[in-house]
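As the structure is a computational prediction, the values presented were derived from the model and not from experiment. Residue numbers run from 1 in the order of the sequence given.
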Amino acid sequence: CNDRPSAYTPHSLGSINNSLPLDEQRELEPETYSKYYNYDQLTDLLKSLAQKYANIANLTSIGRSVENRELWVMRITRDPTADGPGKPKFKYVGNMHGDETVSRQVLIYLLEYLLEKYGEEPRVTELVDSTDIYIMPSMNPDGFEKSKEEDCMGKDEGRNNAKNVDLNRSFPDQFEEIHVNAEEMPEVAAVMRWILQNQFVLSGNLHGGTVVASYPFDDSAAHDNEGTYSRSPDDALFRYLARVYAENNPVMKTGQPKCEENINETFKDGITNGAKWYDVAGGMQDFNYLKGSCLEITMELSCCKYPPSTQLKTEWDNNREALLAYMEKVIHIGVRGFVRAARNDAPLADAVIMVAGINHKVSTSRFGDYYRLLLPGTYNITVLAPGYNDENPATLSIPESPTETSVNSAIQPQDFRHHHYNDMELFLQKFSSEYSSITRLYSIGKSVQERSLWVMEISNNPGVHEFGEPEFKYIGNMHGNEVVGRELLLNLIEYLCRNYGTDPEITQLINSTRIHIMPSMNPDGYEVSQEDISGVQGRNNTNNYDLNRNFPDRFNFVTDPRQPETLAVMNWAKSYPFVLSANLHGGSLVVNYPFDDNPDNVSRYSKSSDDDVFRMVALAYSQENSQMYDGHSCKGMDLYQEYFKDGITNGAEWYNVHGGMQDWNYINTNCFEVTIELGCYKYPPAADLPKYWERNRRSLLQFIHQVHRGVKGVVIDSKDGSGIPNATITVDAINHPITSNFAGDYWRLLVPGKYHLTASAQGYSSVSTFVNVPKEGVEIVNFTLNRIHSYTNGQTTEDTTPVLDPSVKEFQSLIKQLSGESGLDKLIKDTPTQSSFRYRCYSEVSEFLRGLTLNFPEITSLQSLGQSVEFRTVWALEISNNPKVQEPSEPKIRFVAGIHGNAPVGTELLLEFAASLCINYGKNAAITRLINETRIVILPSINPDGRELAKEKDCTSTAGKTNVHGKDLDNDFFEPQPETRAVMDLIQERGFTLSVALDGGSVLVTYPYDKPVQSVENADTLRYLATVYANHHPKMHSGDTGCPNSQMGTIPNGVLRAAEWHSHMGSMKDFSVDFGHCPEITVYTSCCLFPPAEMLPTLWAENRKSLLSMLVEVHKGVRGVVKDKNSKPIVGAIIVLNGGVRVFTSEGGYFHALLAPGLHNIEAVADGYQQQSQKVSVSPFEAASSIIIEFDMENDIFGLPRELVVASAAAAMTALVVTACIIWCICSAKSNRQKDGFHRLRQYRDDYDDEIRLMSMGSKKSLLSHEFQDESESEEDTLYTNKL
């Protein structure tokens, strides 16, 4: 049987690594090598492997079989979801004939072996890191399902596909016209597309029926049945490759398979030419070679096509080494290189590589790289590219011992000069344009003089954080007059770009690292600097602040206002998962590492918790610079007699620096940073720059390599296989935890040695393990954490989450995506706004709101809440997919602005926010789903009268702050004005989950209370909500308001309890919390109360992401339904959060409460029911934990058991009834006497009239009672007396 890999176009399902539904997961069990996997079992296994080894495995389907089964392909390589140059593509295809099953199983075992041994066995690690491996266990899953175990001859018709087509006779052939019918053979069509869309270099097609390695060609023009050797142009190479496999298979290498069907068949050296063995037209291996430029051979693995499962272990043992050795040839023989345009070094795709004397061409990929497998020898190679002149042939010698050969040597930078700002900007733009496949130029902010702070990203997938790939940064020119770092980083950008794809080290470094380079942090200072040894002109920024004394320090010594350059870098450092960094300076020659200061401000060693790590990375740099490593930093300069052992020093031991950048990085982020002093001349002549490059080139590269030291891995949720963001990784005896990135991946720099690591996350049980960090490279350590179960009334509950339909799961996935590192950034990028910002007066605001309802009637509803003193309407706009229908199951969020008329920025931001939501509804899936799942209520202006009095560009005026009665509405929620009464009525409707109020006069967020109270219930949650807003704002989270005359100094995280800001009574946020049971935060959007309209686009850009984050945040916390045993919803039940804050269930028994991430106590109370309690875990990245609270009837009455109380009550009622009967009988008997006495009174009443009138004491009743006293009063007597 002759089989070869088929060409296929990836009909991809996409990566499934971190999104497997719970019902599609299977627990991975140890491989037994004793059973076959059917299609469903194979699918489950592959998905589980892809999930477990997400950092190196990616599962896709390239198409489907006749019977609609997926054609699964597992891609195994470092960064398996990214494409880039530098890694040749290899593939194995098995089970092309459905009844030849050994191939299917050994490829499964190979998959497991590569994944399990990666990071443990150097051979496997090198193979996976350097090769792009694709493995298809089954090309014919339909045929496999029809086949029968122990059918050695293939009698059960499983060989062909479900349309009875032999897949290895159905590919286009060089000697015979074969039409590929996609309906009859979808498997062949899919594999053909796959081959043609990927530039595979080497391939193996695994079959069964004998034991031999067969190579092209498979047929000849004559189509003789057998005996005709059909030689390919690469015949010698094919024979060599076939022998590699055969020599490593103990049965195949004998050349005597001794199969029962043909016991005397032999193959010299265990290999054969396909056509000589027997003629196969339409085979896959020939198609690979002729159409895909891929060298493929066919391996027959066993005499029995479908042997008993007990034989599988033997088959794996026979083939394991052969499978690995064959794969290794793709990286160890021949020539590889890169084709570029001479005029600009741009990579050329589809250039043709021709070897003289071998009539077989290969072509370059879209990255310009190529791979040409060749045997040892000397060759003339020619490159042709459309639109370019023919290149002269290059003569290359391939070593006798097959090794990787690179045709190009490293290209060094050529243009050494000082680049002023405009020159530098053009340089960066040029390289970003020419090398767009590996670069991204972006700005992180602007200097005081509005110069962009440019960063060049260099990566094989620029603009994307690749799962498992560490991020690195270099920063230069922090002091404007220290210019060597600036020029070295421009040299480094050029060097990396020009040598990518040709220099193996550079290619590997870029493929495995996301590198960010900022040549100049202080471009303003540079522009006023001049050539000097040690001057200070240009050192500081334009505001004359030293940027390396401007970061928040450990001991709060720094009180200077934070500068725009500093704030930009702080925001940048917190926006990317940087692992390692260096800050390049000048003035000495040494690597300086943390800490830079101590509380006593004296020069002595200030050791960080990671002192050993810092010394390791510092030495990595200094050892590559001989002058620096010597330790005598400035020989020959009389002013400097410093000595630094090995060219490194602890910062504080050298001299104290408060507010330095390296210490701030280490304390506030996951990033380890050092400061590198590059030379004693701060601004040397341009002629000296080549020397600096030569001395530092290796050091700059070697330091980047250090990012791949220590341990890395992923923290995984055991329930759904997703990565856990913000998990904490701690190392025993090192007091410096780091946290995982959004996808759950993490990196922890460590020196070689044995460590005890612990991974923990809110809502999960911690997991610990021991790890040995190697002397070279990184150790991969993955953690799988179990969610902490909720507890109901003290008893563990396995899972209280209701079964979710696919739509709910999809929405939860959206919330998690939007909560991620770049989720909201992508949403904003996908929904650009084009408004012309301006301030609107009351009438224009009203028209704008009406316009929204007219243009978007299906999702908007406009309501008048009331009127102001001057009869202007206080409007409320609702945005929802059912704006006029109460939907208690959906969270409800309120956005409010304009409570102070002199701060109208919030009004304009909310109008723009409303418009952007409406315009993108139905166009953007995320916006559409958020609106469908949320009730959004927007009050753009509470104080329209005050707004009419305020004046633009008046930053501090109080004109318009109050309403026309002179009342500050934010002090008026006790004795309300018309405006506040309207808002109070809305708040008291309850049902709101969150409220966000926009004001002006600073840049921060405050949370309740405004009134001076000693303690605040749920303070953690209120502070957390404010922090979420601030963290999504580019400036606010830094804590430096930047406002003139600010008396507060730095505000931690830009968040403050309101009473600490401006304490007062009667505020809207306090009323919302106390009477609306809804948390409210107040956002101060700008220092200026009424800034010029030109500032509105900037303010919108700064706040848009934060506003959207609130729409996401309102779906978090805890939500659920309260019902009784009969599933009847309980309305008005009280939900007590952590023993304090209360919310109430609405129609349908629904409730929703926002909570800070962590574990919380939830109690539910309702009249007549037994109290229920649960513990619920809340994640900062996931939609609300959904719970169902089911009430039992109250068991105790007055503290006694219900049964006893009921029995006692029954007995009491019986006694009462008996007693009543007795009393009735007695009363009935007396009734007659009472009636007689009463008639007697009437008979003689006239005789007593005068006497009664003369009575001066006593009432008529007393008189009558004395004269006609009975033993008891009758009903008539009582009635009469009462009337008197």
Lys473 to Phe578 six-membered ring, cation-pi geometry met (6.0 Å, 45°): yes
With no hydrogens and no angle check, do the side chains of Thr43 and Trp72 hold a donor and an acceptor under 3.5 Å apart? yes
Just by modelled atom types, is the Asn38 backbone N or O under 3.5 Å from a matching donor or acceptor in the Gln41 side chain? yes
Using 4.0 Å as the upper bound for N to carboxylate O, is an ion pair formed by Glu1182 and Arg787? yes
Run the salt bridge (Lys or Arg N to Asp or Glu O under 4.0 Å) check on Arg75 and Asp83 step by step: do they pass? CA-CA 11 Å; Arg75 183 183 183 188; Asp83 282 322; 3.0 Å; yes
Hey, are Lys754 and Asn772 close enough side-chain-wise for a donor-acceptor pair under 3.5 Å? no
Might you work through the ring-ring contact (aromatic ring centres under 6.0 Å, His included) test for Phe770 and Tyr755, ending with a clear yes or no? CA-CA 6 Å; Phe770 286 96; Tyr755 298 91; over 10 Å; no
Looking only at the side chains, is there a donor atom on one of Tyr371 and Asp369 sitting less than 3.5 Å from an acceptor on the other? yes
Intermediate values then yes/no, side-chain hydrogen bond (donor to acceptor under 3.5 Å, both in side chains), Ser740 and Asp745: CA-CA 5 Å; Ser740 61; Asp745 45 349; over 6 Å; no
Kindly indicate, with the supporting measurements, whether the criterion side-chain contact (heavy atoms from CB on, under 4.5 Å) is fulfilled by Leu324 and Asn248. CA-CA 9 Å; Leu324 293 172; Asn248 287 282; over 6 Å; no
Distance col, row Asn499:CG vs Leu701:CG, nearest 0.5 angstrom, shows 9.5 Å
Evaluate the criterion salt bridge (Lys or Arg N to Asp or Glu O under 4.0 Å) for residue pair Arg104 and Glu315; output intermediate values, then yes/no. CA-CA 11 Å; Arg104 177 185 178 113; Glu315 298 298 343; over 6 Å; no
Test side-chain contact (heavy atoms from CB on, under 4.5 Å) applied to Asp317 and Tyr33, step by step: CA-CA 10 Å; Asp317 290 341; Tyr33 305 101; over 6 Å; no
I'd like to know if the side chain of Lys91 pairs up with that of Asn288 as donor and acceptor (distance under 3.5 Å, no hydrogens or angles considered). yes
Under the ring pair (Phe, Tyr, Trp, His ring centres under 6.0 Å) rule, collect the residues that match up with Tyr593, sequence neighbours excluded. none
Which pair of non-hydrogen atoms, one from Ser765 and one from Leu785, has the smallest distance, and what is that distance? O-CD2, 3.7 Å
Is there a side-chain hydrogen bond (donor to acceptor under 3.5 Å, both in side chains) between Ser34 and Lys313? Walk through the geometry before answering. CA-CA 7 Å; Ser34 62; Lys313 181 65 167 62; over 6 Å; no
Could you tell me whether the side chain of Arg243 and the main chain of Ala213 form a donor-acceptor pair under 3.5 Å? no
Applying side-chain contact (heavy atoms from CB on, under 4.5 Å) to Lys329 and Tyr240, what does each step give before you reach the verdict? CA-CA 10 Å; Lys329 293 306 162 187; Tyr240 168 78; 3.3 Å; yes
Using atom types as modelled and distance alone, determine if a side-chain donor or acceptor of Tyr746 lies under 3.5 Å from a backbone N or O of Val711. no
Whether the Asp129 and Thr125 side chains hold a donor-acceptor pair (N or O, under 3.5 Å, no angle test) is what I'd like checked. no
Looking at every heavy atom in both Ile648 and Ser622, which two are closest together, and how far apart are they? CG2-OG, 3.7 Å
Could you tell me whether the side chain of Phe614 reaches within less than 4.5 Å of the side chain of Val674, counting heavy atoms only? yes
With a 3.5 Å cut-off and no angle check, do the side chains of His708 and Thr513 form a donor-acceptor pair? yes
Side-chain donor-acceptor pair present, Lys87, Ser130, cut-off under 3.5 Å: no
Does one side chain, of Glu673 or Ser581, offer a donor that lies under 3.5 Å from an acceptor on the other? yes
When every non-hydrogen atom of Ala620 is compared with those of Gln702, the smallest separation belongs to O-CG, 3.6 Å
For the residue pair Tyr435 and Tyr500, is the inter-centroid distance of their aromatic rings smaller than 6.0 Å? no
Is Glu457 salt-bridged to Arg514, going by a charged N under 4.0 Å from an acidic O? yes
Quick check on Arg615: does its CZ atom have over 12 non-hydrogen neighbours (other residues, nucleotides or ligands) under 6.0 Å away? no
Apply side-chain contact (heavy atoms from CB on, under 4.5 Å) to Lys712 and Arg748, showing your working. CA-CA 6 Å; Lys712 73 171 187 176; Arg748 211 313 175 179; over 6 Å; no
Decide, yes or no, whether a salt bridge links Glu126 with Arg78 under the criterion of side-chain N to carboxylate O below 4.0 Å. no
Donor-acceptor side-chain pairing of Tyr764 and Asp717 below 3.5 angstrom: yes
Does His736 reach the side chain of Ile738, with side-chain heavy atoms less than 4.5 Å apart? yes
Keeping Trp572 on the side-chain end and Val455 on the backbone end, is there a donor-acceptor pair under 3.5 Å? no
Side chains of Phe783 and Val781: closer than 4.5 Å at any heavy-atom pair? yes
Can you sort out the partners of Phe472 under ring pair (Phe, Tyr, Trp, His ring centres under 6.0 Å), two or more places apart, ordered by chain and number? Tyr474, Phe703
Would Tyr134 and Phe200 satisfy ring-ring contact (aromatic ring centres under 6.0 Å, His included), going step by step from the backbone distance to the final call? CA-CA 9 Å; Tyr134 296 77; Phe200 293 107; 5.4 Å; yes
Using salt bridge (Lys or Arg N to Asp or Glu O under 4.0 Å), reason through Glu505 and Arg698 one step at a time and then give a plain yes or no. CA-CA 11 Å; Glu505 179 190 19; Arg698 286 304 313 160; 2.9 Å; yes
Is the ring centre of His465 less than 6.0 Å from the ring centre of Phe742? no
Pair Asp79, Ser512: side-chain N/O donor-acceptor within cut-off below 3.5 Å: no
Please list, chain by chain and in numerical order, all residues satisfying ring pair (Phe, Tyr, Trp, His ring centres under 6.0 Å) with Phe367, sequence neighbours excluded. none
Side chains of Ser459 and Glu466 in contact at under 4.5 Å (non-hydrogen atoms): yes
Ignoring hydrogens and angles, state whether a donor on the side chain of Tyr113 or Glu121 is under 3.5 Å from an acceptor on the partner side chain. yes
Between Leu107 and Val93, what is the shortest heavy-atom contact and its length? CD1-C, 3.8 Å
Could you go step by step and tell me if Tyr37 and Tyr39 meet the ring-ring contact (aromatic ring centres under 6.0 Å, His included) rule? CA-CA 7 Å; Tyr37 293 101; Tyr39 172 76; over 10 Å; no
Ring centres under 6.0 angstrom apart (Tyr666, Phe672): yes
Side-chain contact test, heavy atoms from C-beta onward, threshold under 4.5 Å: evaluate it for Leu323 versus Glu321 and give yes or no. no
Side chains of Asn249 and Asn319: any donor to acceptor distance under 3.5 Å? yes
Minimum heavy-atom separation for Pro141 and Glu70, please, with both atom names. CG-O, 4.3 Å
For the side chain of Thr131 and the backbone of Ile133, is there at least one donor-acceptor N/O pair under 3.5 Å apart? no
Taking every heavy atom of Pro85 against every heavy atom of Thr507, the minimum-distance pair comes out as O-CG2, 3.8 Å
